[in-house]
Amino acid sequence: MWPWLMSGLGLLILLLAGDALVKGAVNLSLRVGIPALIVSLTIVAFGTSAPELLISVNAVLENKPGLALGNVVGSNTANILLVLGVPALLATLHTSGCNTRKTYLFMIGATLIFIGLAFRGPFDWIAGAVLLACLGLVLGDAFRDARNHRRDGKAAEVEADEEEEVEGADPDMPWWQIFVFLALGLVGLPLGADLLVDNASIIAREFGVSDAVIGLTLVALGTSLPELATTVMAALRKQADVALGNVIGSNMFNLLAIIGITTFVGAIPVDPEFLQFDLWVMLGASLLLIPFVFLGRDINRLWGIALTVLYVIYVLVVLS
C-alpha cells in the first residue's frame, strides 16, 4: 500500500508543479512580448510534457530505461485515445473548424522518424541529436509564422483573440508571483518525478511486470492528466482548437524533446515488444485523427466512446 500512496503523492506533486511551471512560463513570456500563438504551441505544450521529461531523465539515471520509453509511447497513445475521447463524452469537440493540418503533419513526421530510429537500435546521443534537430525545425517554423502575422499587421488581432485561450494567462499577474510559480515548478517537478519513478518500479516488481509495462500504463496515464484536464476544460468552453492543438503539440514534444534530451543522459534500449506492438499502436492512434484534421469531422460522443474503448482495450492487452 505504501508504494501506491507514495506514487500517488509523486504524481500529485508532478501535476501541481507542472501547472505552476506553465502559469509562470506563460505569463513571463507574455510579459516580455512573446506572441500568445507561440506560447500556446511551445511553452504550454512543453509545460504539460514536463512531467514526462523529468520521469524519463530520472528513469535513465536510475537504470530503468524501459520506464522512460514506455512513459513517452504510452503518453502519446493516451493523449489521443483518452485525452480526446473522454472530453468528447461530455461535449462535442467541434474540430471541423480547426486549422491544425500543418502541425498534424509535423506530428506524423515526428512519429515516423521516431519509429525509424527505434528500429536503428538504442536511442543514443546521435538519435537524440536527430530528434532535437527536428524539434528545432518545428519551432523555427512556428516562429516564422508568428513573425509573418506580425509583419502583416495581424499579431495584435491574433493575440487579442487567443489571450484567453492560453492556459494560465493572467495579464495582471505581478512579477513576484510569476517567479514564485516558476520556482515551485522547477523544485516540484524533480521531486515528484523521483517519488513516482522509485515507487512505480517497486509496484512493478511486486506484480512481476516490467518497468516498460508500468511506463506504458500507470505512469503514462498519470502524466497525461495535465493534458486531460486542459482538454476537458477546452471542451466545456467550446474551444476545440485548443484541445486538438494541445494534444498534437504535446505529442510532438514527447517524441522530439523528451527522448531527445534524455538520450544525452544515457542510452535508451528499445524492447522488442515496442517494435512489434506499442510503436504501431501509437502510430495507428495518431492516424485516427485524419478525419478530424482533414475531413472536417467533429469529435462527437460516438467518437468519444470509440476512442475511450480503444484505450481500455490497449491497456488490457499490455497488462495481459
Side-chain angles (χ1 to χ4, degrees), residues 45 48-49 52 69-96 98 100-101 103-105 107-112 114-115 118 209-210 212-236 240-255 271-320:
T48 54
S49 296
E52 286 95 330
L69 194 59
N71 174 38
V72 166
V73 174
S75 286
N76 274 24
T77 302
N79 278 352
I80 293 171
L81 299 181
L82 194 69
V83 171
L84 289 177
V86 170
L89 299 177
L90 305 175
T92 297
L93 293 171
H94 296 284
T95 48
S96 55
C98 303
T100 54
R101 292 183 179 184
T103 313
Y104 173 72
L105 289 175
M107 187 194 80
I108 293 296
T111 303
L112 292 174
F114 186 86
I115 292 174
V209 298
S210 67
V213 169
I214 290 295
L216 285 165
T217 53
L218 174 67
V219 178
L221 180 59
T223 54
S224 290
L225 288 179
E227 287 90 345
L228 180 59
T230 300
T231 307
V232 166
M233 293 308 298
L236 295 176
D241 52 340
V242 178
L244 194 58
N246 178 50
V247 166
I248 292 174
S250 182
N251 278 18
M252 270 199 300
F253 269 92
N254 283 350
L255 295 173
D271 191 291
E273 184 68 23
F274 281 98
L275 301 178
Q276 297 165 12
F277 181 65
D278 299 295
L279 291 174
W280 302 112
V281 171
M282 178 180 70
L283 177 61
S286 300
L287 294 175
L288 285 176
L289 295 181
I290 288 176
F292 317 121
V293 175
F294 290 105
L295 304 181
R297 300 289 180 84
D298 292 331
I299 307 179
N300 55 27
R301 186 168 282 110
L302 190 60
W303 274 106
I305 293 171
L307 292 173
T308 306
V309 168
L310 283 174
Y311 183 72
V312 172
I313 292 172
Y314 167 68
V315 171
L316 291 176
V317 170
V318 169
L319 292 176
S320 62

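One is the number of the first residue; the rest follow in order along the sequence.
Distance check: R301 CZ to L90 CG gives 8.0 Å after rounding to the nearest 0.5 Å. Within the model, atoms CD1 of I305 and CG of N300 stand 9.0 Å from one another, a figure rounded to the nearest 0.5 Å. How far CG of L279 is from CG of L112: 11.0 Å, rounded to the nearest 0.5 Å. Rounding to the nearest 0.5 angstrom, the gap separating the CG atom in L82 from the CG atom in L310 is 11.5 Å. For the atom pair I108 CD1 and L289 CG, the distance stands at 7.5 Å (nearest 0.5 Å).
Looking only at side-chain heavy atoms (C-beta outward), Y311 and I80 stay at 4.5 Å or farther from each other. F274 has its side chain out of reach of W280: every pair of non-hydrogen atoms, C-beta onward, lies at least 4.5 Å apart. Taking the side chain as every heavy atom from C-beta outward, W303 and L84 never approach each other to under 4.5 Å. The shortest side-chain heavy-atom distance between I214 and N71 does not fall under the 4.5 Å cut-off. A 4.5 Å side-chain heavy-atom check between L288 and L81 finds at least one atom pair inside the cut-off.
Smallest separation of non-hydrogen atoms from N76 and L255: ND2-CG, 3.3 Å. When every heavy atom of M107 is checked against every heavy atom of N251, the shortest pair comes out as SD-CB, 3.8 Å. Between F114 and M282 the shortest heavy-atom distance is CD2-CE, 4.1 Å.
Not a single donor-acceptor pair under 3.5 Å links the side chain of R297 to the backbone N or O of F292. No donor-acceptor pair under 3.5 Å is formed between the side chain of S75 and the backbone N or O of V72. Between the side chain of Y104 and the backbone N or O of S286, at least one donor-acceptor pair lies under 3.5 Å. Looking at D271, its side chain does come within 3.5 Å of a backbone N or O of E273 through a donor-acceptor pair. Between the side chain of T92 and the backbone N or O of A88 there is no donor-acceptor pair closer than 3.5 Å.
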Exercise for the section: May I have the step-by-step check of side chain to side chain contact (heavy atoms under 4.5 Å, CB included) for V318 and F277, ending in yes or no? Expected result: CA-CA 9 Å; V318 169; F277 181 65; 4.2 Å; yes
